[in-house]
Protein chains: 2
Amino acid sequence: MNICNGKLLKKNYLLYKQPKLLLLNRLLPYKKTGYFLLYFLFVISLAKAEDGYRLWLRYDLVNDNALLKQYRSSIQAININGNTSTVAALQKELNTGLQGLLGESISNISQPANNSIVAGTPATMKDIKAMVGADALNTCGSEGFIIKTVHFNNKNIIVIAGNTDVAVLYGGYHFLRLLQTHQHIQDLNITSVPKVKLRVLDHWDNLNRTVERGYAGISIFDWQTLPDYLDKHYTDYARANASIGINGSVLNNVNASALILTPAYLEKAAALANVFRPYGIKVYLSIKFSSPIETGGLKTADPLDKAVQEWWKKKADTIYQYIPDFGGFLVKANSEGQPGPQNYGRTHADGANMLADALTPHNGVVMWRAFVYSESDEDRFKQAYNEFKPLDGKFRSNVLVQVKNGPIDFQPREPFHPLFGAMPQTPLMLEFQLTQEYLGFATHLVFLSTLFKECLTADTYEKGAGSTVATIVDGSVENHALSGMAGVANIGNSINWTGHPFGQANWYAFGRLAWNHELNSAQIADEWIQQTFTNNPAFLDTVKTMMLLSHEILVDYMTPLGLHHIMGYGHHYGPAPWYDKGARADWNPVYFHRADAMGIGFNRTATGSNALAQYAPEVQAMYKDSNTCPDKYLLWFHHVSWNHKMHSGRTLWEELCYKYYTGADSVSWMQHAWNNMKGKIDEERFEHVKMLLAIQHKEAVWWRNACVLYFQTFSHQPIPEGYEQPEHLLAYYESLEFPFAPGH
Amino acid sequence: MNICNGKLLKKNYLLYKQPKLLLLNRLLPYKKTGYFLLYFLFVISLAKAEDGYRLWLRYDLVNDNALLKQYRSSIQAININGNTSTVAALQKELNTGLQGLLGESISNISQPANNSIVAGTPATMKDIKAMVGADALNTCGSEGFIIKTVHFNNKNIIVIAGNTDVAVLYGGYHFLRLLQTHQHIQDLNITSVPKVKLRVLDHWDNLNRTVERGYAGISIFDWQTLPDYLDKHYTDYARANASIGINGSVLNNVNASALILTPAYLEKAAALANVFRPYGIKVYLSIKFSSPIETGGLKTADPLDKAVQEWWKKKADTIYQYIPDFGGFLVKANSEGQPGPQNYGRTHADGANMLADALTPHNGVVMWRAFVYSESDEDRFKQAYNEFKPLDGKFRSNVLVQVKNGPIDFQPREPFHPLFGAMPQTPLMLEFQLTQEYLGFATHLVFLSTLFKECLTADTYEKGAGSTVATIVDGSVENHALSGMAGVANIGNSINWTGHPFGQANWYAFGRLAWNHELNSAQIADEWIQQTFTNNPAFLDTVKTMMLLSHEILVDYMTPLGLHHIMGYGHHYGPAPWYDKGARADWNPVYFHRADAMGIGFNRTATGSNALAQYAPEVQAMYKDSNTCPDKYLLWFHHVSWNHKMHSGRTLWEELCYKYYTGADSVSWMQHAWNNMKGKIDEERFEHVKMLLAIQHKEAVWWRNACVLYFQTFSHQPIPEGYEQPEHLLAYYESLEFPFAPGH
């Protein structure tokens, strides 16, 4: 019994997260005993590659001995009934998860027992209502869940309850999250109901597996081998999504191929839908508006043409034969060259409604994107509002208009889109971008939760103070039946899914906020770090701080003070504020920053494009005066002189330099902070992030140097004393070309 | 001590490969003891994902108890001296490998000890010469190694010796292979010297990471994040290559971008070279012949132009500043649209020699491809020979002419290329294709070793009987100083590297045959299966049989009896024997099969194109008579009537049907054989292969149906009785289109 006494076992748990070699050394004294082999096998089990594939569902042994003991005593068996595929998925996840976390296999029982988990719906588990209360369940809807510690029939039980199997599955994932984040479970009383109905990932994945704006390899959807080969990725993708409450997936790029609706591809999409279904995830497809012409043999795609309407109805019927719970269509129409109803003199509403009518018999929805800007003299900022506001009230009830968080295009920082608050009769679906098209691709560490929250908490004043974007989007302001949030996915076939290990956090944050936009970024970071890396408090503190500051740091070294869209043309890699060769004015950086001898910035006040007028008066009041407009939005709304006095007391030129230099310096700080984390996590991910931070620093300095030198040609002022001078001349930065930049 | 006695430990070893749940059940009796946790941790260590990433370097615990005991007693320590990066790589590989295989950590010692491994060169280890004999070492050259069990100074030692660090590294990998394949090690006396000098993988990887003819994701070389981010793939790629003796890597596609030679990309290539160097792998680059114009600002790329010559000399000097041991250039010139010396009225020799002269001061080589076919009325089969044979003797000594195994283009079966045996004064580098462009992409299980061997053992009769392609290629027939074999890689960023788990076997077989072309396919399959899957004899027997038959099976259902190049146009996916719309005659299947009312096949005898005359008289004699020509090459050389009597007694039409149906049926056999392997290996790879075999069967039936129906339109004969009729009409098969087929 010598090695199995409490002392050694305890040591054992504590060592669990330690580097392998250290462990080996500690075990050497036992080498001469027969036990060594066992220990050794245990040790090599620690050596499994931390390649990031497991995401936040790692389920490694709880390394807090007291907590582990408590968990073990409270969780001795699982009682789940029912025979649906969702119940099976839940059972498997709980068994796998608890086995990993508790280091022992948990038996499955058929009746509630003392110290057991009971998970189910009123339909599958007769005592559920009695355990949690019928009233409580009534507040849960079809997806909400309750997790509650109860004493029932003299038994201590942890109940996971919901009105549907999927709701219980969500509860199961939440319970596993409690354990992974080391929460106490003796007195649980959690009710969690999603605030938004459609929580969807949009994949800009093409049928040839390239991913538009993808920086993590190619698409995980391998259309060539579907429907026959079902890659393990498909199940693990569904598990990851379900664990954070995502319930929809648009499989293909909004710049869609008409072939996606042909039988060969519907059969493939159906195979994915079959894998996703147990996890509560519906499949949606992006469609090409001209499909009736391209694959239907019609001469027109006019939404008011009877034959076109009939074609879509039949197509919808066919789709639902393949996928009985198909979610619906995502549509990019009359935008950046895509065909749409305007080709036939019809409106977006005409187009959306035709599709909605085809889907109505099957309860499908249309997500119609508002990302439109024609070639015109009008400020690009204003165009979506101008086209869509007049259509408010004209859409069918199963249409959502999908609006990007800001008026331009997923910039490092944007003010909220003026359509939020401007279309009270229409459910507006909020579109965020998780893939870092304008935010350093997959090599910059940028936690986007703070960006998401900045938008969600912005007040539109639609119905007075408190009409935040979040409450518009969740439908509560206008009491809409439909609501939705979409995230443009950052997922590819890289082993760790997102390229940058911290890219996973943006996928995670999106899902958590789509479920509950009231969560704050610190909580989300906390959860994610603990599940993904470690519960080590020193690591948690440092890395959470890095994450929470990371977005502001990036804004500083890329687009401070309200600058926007000054990236490389087309591929959006690196700085190119000088670029002016784009075929359209509003594809050029110079259009957006408008630097000249006088100053810099886009005057969107009444003396300029007056885009500001699209907001509520309260919002206008915040931004309209360049002296009171917050620094972070200044150049979004004002063309101000180089010597404009900022809130800091510096001139605009000095402030611009200060921001660029501070941003780049802050990346050095992140590097140092990360370097101190060595040994606190696995070597693989530590080194991976370390190398990427070096790239981020190099590129932050590049951004700083290129932008400061370029804007200096207008300000004619020196870079303030104390700052290091750029390494190269401006001509060098202007000469750089990146024909093979990814995602383009 | 109860669970640590011999009996249980033994059970333990034996169970190591068993499914996890079975093990759990067996361990349940111990649940109440404190030992359970330890056992449980051991068990979960078995659950690690068999995702294929580890390739054949898995190093799992030896599950034969007697053998394990023997290995442990003979291998108690390692003595390696030296401080080069190659020595460090060897040390790390032996430590990791032995730790995994023996289940115990092996200590590193600084002097030979009893029951130790001693690995080194005469320079790093003073007793090495005495241990293995100076004469023996003299036969090893710079890459060969000796592994020998010796009794030296009263110590039992296993010596791994070579004249260079890399040679010892090769020996180390070989030694690990011995253990992984359960060889006895008490009386080792192995000398192994590579027969071919340059053993190179050609990556057709573009700078945007797409891979021409790649079916396993995108390129593992992530140019965007190089040189700063060094992906773990790079090291593991180098390890895998070194383990099978591959010593060169051409990083980019032969359809090359001129940008590869610009400083930005040379810096990236240098970073890869730094990772590969310890493993004995040199970096080569494919170059674009017009680079002096595209990136050098010159007006011409004429190889006789002084400025052009100077440009290449300077470029070579620059490259060697970045990569001091750079291997050299691979060139595709005047082929399929690529520029070359013929654009200036010069010969391939002029072009190759200019590049060779630039590389000579640095000991670099030029690998100049012979894959050329102009638009002409000449049989495409003959063109490479016609262009290159006259140049024999005109190339610099550091030029190799790189010739594909067959005269057309990596078809499922080709006769050997007639240039082998026809250019005695020129080292001919043999180019095989590992990626399955014409062999079912990454969804068909096809072991290519038998294809390679068919070519290598073919007799050219250059200097009488026995002048096989292999002995031409290894330089022994003409005593060439240079020799080489290239494999067009099947590697991508799929987690398992090659898409199909069995694709790994083709990478493995190529490396092993490039080192020693006398190995036979059964040995190679044996080694690969044992290292990659299991030593279970039932699995080994069944799967080896599948592998050894797989190539012939594919030939039967795709291109039996000498048919060739009847795949889909451009993408080469699926059957399209009817296709005749290609811009050039020799891009069309109808050009190659020439089916008509009389019969089928390409007459390449004296009454036809007379391509046969390019072979030695002995070879001509084997093929020239349609009655004696082996069935497998019949339609390569003869247009024969539908009623031609085959060796089987069937008519040609009957034989064609027989082959197509047998081929498809044989895939069913493979499916059944594989299904019987359930439980003998991990569930993940079992299911993966099972699903892919279902695709292979579906596509084999598709090939069979499409081809039989199409050729029937010429033969006007029924499909013989007893065969199931095709599911669809010919028009259906002709209507299929695959705009998103991968690799194109």
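On a predicted model such as this, the values are computed, not experimentally measured, just so you know. In what follows, every heavy atom counts, from backbone to side chain, and hydrogens, waters and symmetry copies are set aside.
Chosen from Leu692(B), Thr443(B), Leu230(B), the residue pairing most often with chain A at heavy-atom distances under 4.5 Å is Leu230(B). Contact count versus chain A (heavy atoms, under 4.5 Å) is highest, among Asn208(B), Thr210(B), Asp228(B), for Asp228(B). Heavy-atom pairs under 4.5 Å with chain B were tallied for Leu259(A), Asn206(A), Leu207(A); the largest tally goes to Leu207(A).
Rounding to the nearest 0.5 Å places CD of Glu687(B) at 10.5 Å from OH of Tyr229(A).
Looking at residues two or more places apart in sequence or on another chain, you find a side-chain hydrogen bond (donor to acceptor under 3.5 Å, both in side chains) between Asn493(B) and Asn493(A). Remark: Asp222(A) engages Arg209(A), Gln224(A), Thr225(A), Tyr234(A) in a side-chain contact (heavy atoms from CB on, under 4.5 Å) (not counting sequence neighbours). Under the side-chain hydrogen bond (donor to acceptor under 3.5 Å, both in side chains) criterion, Ser494(B) pairs with no residue, sequence neighbours left out.
Residue Lys690(A): no heavy atom, backbone or side chain, is found under 4.5 Å from chain B.
Contact annotation for residues 736-744 of chain B against chain A (heavy-atom separation below 4.5 Å, listed by residue number): Pro739(B), Phe740(B), Ala741(B), Pro742(B).
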Please assess Tyr53(A) against Ile495(B) for the test side-chain contact (heavy atoms from CB on, under 4.5 Å), listing each intermediate value before the final yes or no. CA-CA 10 Å; Tyr53(A) 183 85; Ile495(B) 290 184; 3.8 Å; yes

